[in-house]
Amino acid sequence: MTDKARELSRREYFQMLVATGGMAALSACLDEQESTETQAVPQGDPAKRPARQHAWNAVLGEDEHGNLRPPAHRVLVPLNLVTDPNEDDSATVESAFRSLESAYAYDSEGLLFTVGYTPSYFETVGAESPIPAPTALTSDEDPAFDSFDAMVHLASNRPDVVLEAEEALLGAVSAPNDVEMEATLDGIFQRGEPRRTGFVGPGLPKSKGKAVGGVPDELPEDAPFFMGFKSGFAESQASEDRVTVASGPYEGGTTTHVESLTVQLKTWFEQDNHFQRVAKLFSPEHASDELVGNIGEKLGTSTGVAGDIAQQTSTDARNEGVIGHAQKAARAREDGEPLLLRRDFNTVDGDRPGVHFLSHQQTIADFVRTRKAMAGGALAGNGVGQNHGNGILQYIFVRRRGNFLVPPRDMRALPAI
C-alpha cells in the first residue's frame, strides 16, 4: 500500500468513527491517534475567541490559490430542552461552552463551533422567534423540518476533537484534552435527532462513497466534493461582515440554514460527460471555453460566473438548452456580493452520498432568495425544463431543512431567558 493510500485509508477510518459517534468510537479514535503518536491538540483560551460565533475565517488555512480550507470533520449535534430553563441554567450552559474553549485552541487543529437555536426553541421559552420556521422552497420538494431546540456545529481537522467535544458537552467525558469541564448540558438539554456528520477533503468523497455504494468510477480520485469539483471559492463566498446581523437584539450574530441533500451521483456521472457537467454546474461558457479543468483547478479563487455570465442566464437557456447552477445563483447577489457564507460538507449519513448544505447569512430571507435563484423556476419553459438542463436540479433531492439563529457569543447560552 502506498503512503497516500495508507493515509487515505486512515482518514476513512476516522470518518467512519465520526459518523458512528459515541464513547466506543471516541475510544477507538483516541487509540489510533496514540498508536501513531499524533501531535497533541493545543489547549485554548476563551478570552481569545471573537465576539462572533461564526468568525472562523481568520484561523482557517488557505490553499495554493488563497481559498480558505474548511475543517475536515463535522458533527451537527441536535439538542432538545428537558427543563423549563432559567438564568441559572443559562450560566451553566455558558460554563459548558467556555470549558470547551479552554480545552481546545481556536483554530482548525483545535475546535471551531457555533450554537444555533430553532424557532421551536423560542416557542418553548415563550419568546417571539427572530427567524421563520423552515418551509418547502420549490414545488418539487417535500422535506422534513428540524423541530428540535438547538444545534451545535462542531468542526475540526481532528476527528478525536469533534467526537470528544460532543461527548463532553453531554456529560460523558469529564476532562476533554485534559481540561476539566466546569459544567455540561446534561439535565438542561438531551440529544435530539437527527445527528448529522460529514467531511471535506481531497479523495474522501471517492473512498467514502465507494464504501457505501452509489459512487461511480468516474468521480475523480482527488475531488474534495461528491459532484467532482472544488467549492467554496473565495469570490463566491459572502464575507463574515456581510452575513452578520447588523441591528436589533441579536446584533453581531448570524443565521444558519441547513439543507440536507441526497445526490444522484450515478446519473450525474454516467448520463453526462465532463463537458455537460461543467455546463450544468458552472455555465455553458465555462464548458465551451474549458475554463474549469478536471476538478476546478483552473478557476483559482473565482468561479467567474458573476457579471456577464449571470446576466446572460436567460439567453443561455434559450440558445444552449442548459444553464449552470453557479450561474443561476450569482443572480441573487447584491452589489456584486454573494449573500451566503457556505460551510457545507459531504456526508454518507444513511449510507448514501449526499451534502449537508450549511450556510450563514444575515437573514433567512437572504438564503431563500439565493435558493430560489438556484432553482431557476422562472426559467423553466424558456429552453430548459423545471429540472432538465436547469443546473443540477435533476441530481439533488432535499431531505430536510432547518433554520437557526446563531446569537453573538455573549448571548449563545439560552437566549431570551
Side-chain angles (χ1 to χ4, degrees), residues 8-9 11-16 18-19 63 67 69-76 141 143 155 159 194 196-233 236-237 257-282 286-287 292-297 299 303 324-326 328-329 340 342-359 371 374 387 390-401:
L8 188 58
S9 177
R11 290 165 68 201
E12 288 177 49
Y13 176 63
F14 283 142
Q15 183 49 44
M16 178 198 71
V18 171
D63 67 14
N67 301 305
R69 292 188 184 276
H73 298 281
R74 312 293 185 85
V75 179
L76 303 181
E141 65 178 53
R196 284 170 279 197
T197 69
F199 51 91
V200 177
L204 281 176
K206 183 70 172 276
S207 60
K208 286 297 298 178
K210 279 193 168 184
V212 301
V215 175
D217 291 339
E218 290 82 357
L219 175 63
E221 292 286 347
D222 55 347
F225 284 90
F226 274 127
M227 299 298 283
F229 297 94
K230 293 183 175 182
S231 184
F233 297 97
S236 64
Q237 291 276 61
H257 183 87
V258 180
E259 177 181 77
S260 295
L261 306 166
T262 296
V263 183
Q264 295 290 351
L265 290 182
K266 281 189 175 291
T267 306
W268 172 244
F269 282 100
E270 295 176 0
Q271 173 178 289
D272 295 334
N273 58 32
H274 184 265
F275 181 98
Q276 293 166 322
R277 290 194 294 273
V278 169
K280 291 179 179 179
L281 194 57
F282 297 99
H286 281 69
V292 173
N294 191 42
I295 63 169
E297 67 277 5
L299 294 173
T303 59
H325 168 78
K328 291 186 295 176
L340 309 187
R342 293 176 50 180
R343 287 180 173 152
D344 47 303
F345 49 94
N346 309 288
T347 186
V348 289
D349 288 348
D351 290 334
R352 55 188 173 185
V355 174
H356 293 311
F357 184 102
L358 186 152
S359 67
R371 186 60 175 82
M374 292 178 188
N387 294 315
N390 199 338
I392 59 174
L393 298 180
Q394 184 181 353
Y395 312 96
I396 60 173
F397 301 89
V398 181
R399 301 197 316 272
R400 177 173 287 274
R401 292 191 181 282

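What you see below is based on every heavy atom in this structure, not just the backbone, and it leaves out hydrogens, waters and symmetry mates.
Shown here are the ring-ring contact (aromatic ring centres under 6.0 Å, His included) partners of Phe357, two or more places apart in sequence or in another chain: there are none. Under the ring-ring contact (aromatic ring centres under 6.0 Å, His included) criterion, Phe226 pairs with no residue, sequence neighbours left out. With sequence neighbours excluded, no residue satisfies ring-ring contact (aromatic ring centres under 6.0 Å, His included) with Phe199.
In terms of modelled atom types and a separation under 3.5 Å, the side chain of Glu270 and the main chain of Pro216 share no donor-acceptor contact. A donor-acceptor pair under 3.5 Å is absent between the side-chain atoms of Lys206 and the main chain of Gly228, judged by distance alone. Looking at His274, its side chain does come within 3.5 Å of a backbone N or O of Gly293 through a donor-acceptor pair. Asp272 contributes no side-chain N or O that, together with a main-chain N or O of Gln276, makes up a donor-acceptor pair within less than 3.5 Å. At distances below 3.5 Å, at least one donor-acceptor pair connects side-chain atoms of Asn346 with backbone N or O atoms of Pro224.
The side-chain hydrogen bond (donor to acceptor under 3.5 Å, both in side chains) test with Asp349 singles out one residue from His356, Arg196, Arg399, and that residue is His356. A side-chain contact (heavy atoms from CB on, under 4.5 Å) with Ile392 is found for exactly one of Leu281, Val263, Leu261, namely Leu281.
Using a 4.5 Å heavy-atom threshold, the side chains of Leu76 and Thr197 count as separate. Looking only at side-chain heavy atoms (C-beta outward), Ser359 and Arg343 stay at 4.5 Å or farther from each other. When side chains are defined from C-beta on, His73 does not count as touching Val200, because their heavy atoms never get closer than 4.5 Å. Counting only heavy atoms from C-beta outward, the side chains of Trp268 and Glu218 never approach each other to under 4.5 Å. Here the side chains of Phe397 and Gln264 are in contact, with some heavy-atom distance below 4.5 Å. Using a 4.5 Å heavy-atom cutoff, the side chains of Gln15 and Thr347 are not in contact. For the pair Leu299 and Phe282, the minimum side-chain heavy-atom distance is below 4.5 Å. Phe225 has its side chain out of reach of Pro202: every pair of non-hydrogen atoms, C-beta onward, lies at least 4.5 Å apart.
The two residues Val18 and Pro159 make their nearest non-hydrogen contact at CG2-CB, 3.7 Å. When all heavy atoms of Pro353 and Gly213 are compared, the pair lying nearest together is CD-O, 3.7 Å.
At a threshold of 4.0 Å, the pair Arg371-Glu259 counts as salt-bridged, since one of the basic side-chain nitrogens sits closer than that to a carboxylate oxygen. A salt bridge links Glu141 to Arg401: at least one charged side-chain nitrogen sits closer than 4.0 Å to a carboxylate oxygen.
Lys230 and Asn67 share no donor-acceptor pair across their side chains, judged by distance under 3.5 Å alone. Counting only N and O atoms by type, the side chains of Asn387 and Tyr395 include no donor and acceptor under 3.5 Å apart.
Here the CG atom belonging to Leu358 is positioned 9.0 Å from the OG atom belonging to Ser260, to the nearest 0.5 angstrom. Thr267 OG1 to Gln271 CD: the interatomic distance, rounded to the nearest 0.5 Å, is 6.5 Å. Between Phe275 atom CZ and His286 atom NE2 the span is 12.5 Å, to the nearest 0.5 Å. Between the NZ atom of Lys280 and the NE2 atom of His325 there is a distance of 14.0 Å, given to the nearest 0.5 Å. The structure places CG of Leu340 at 5.5 Å from CE of Met374, a figure rounded to the nearest 0.5 Å.
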Requested in this report: Might you work through the side-chain contact (heavy atoms from CB on, under 4.5 Å) test for Asn294 and Phe229, ending with a clear yes or no?
Outcome: CA-CA 8 Å; Asn294 191 42; Phe229 297 94; over 6 Å; no
Report task. Could you go through the side-chain contact (heavy atoms from CB on, under 4.5 Å) check for Lys208 and Met16 one step at a time? Result -> CA-CA 9 Å; Lys208 286 297 298 178; Met16 178 198 71; 4.0 Å; yes
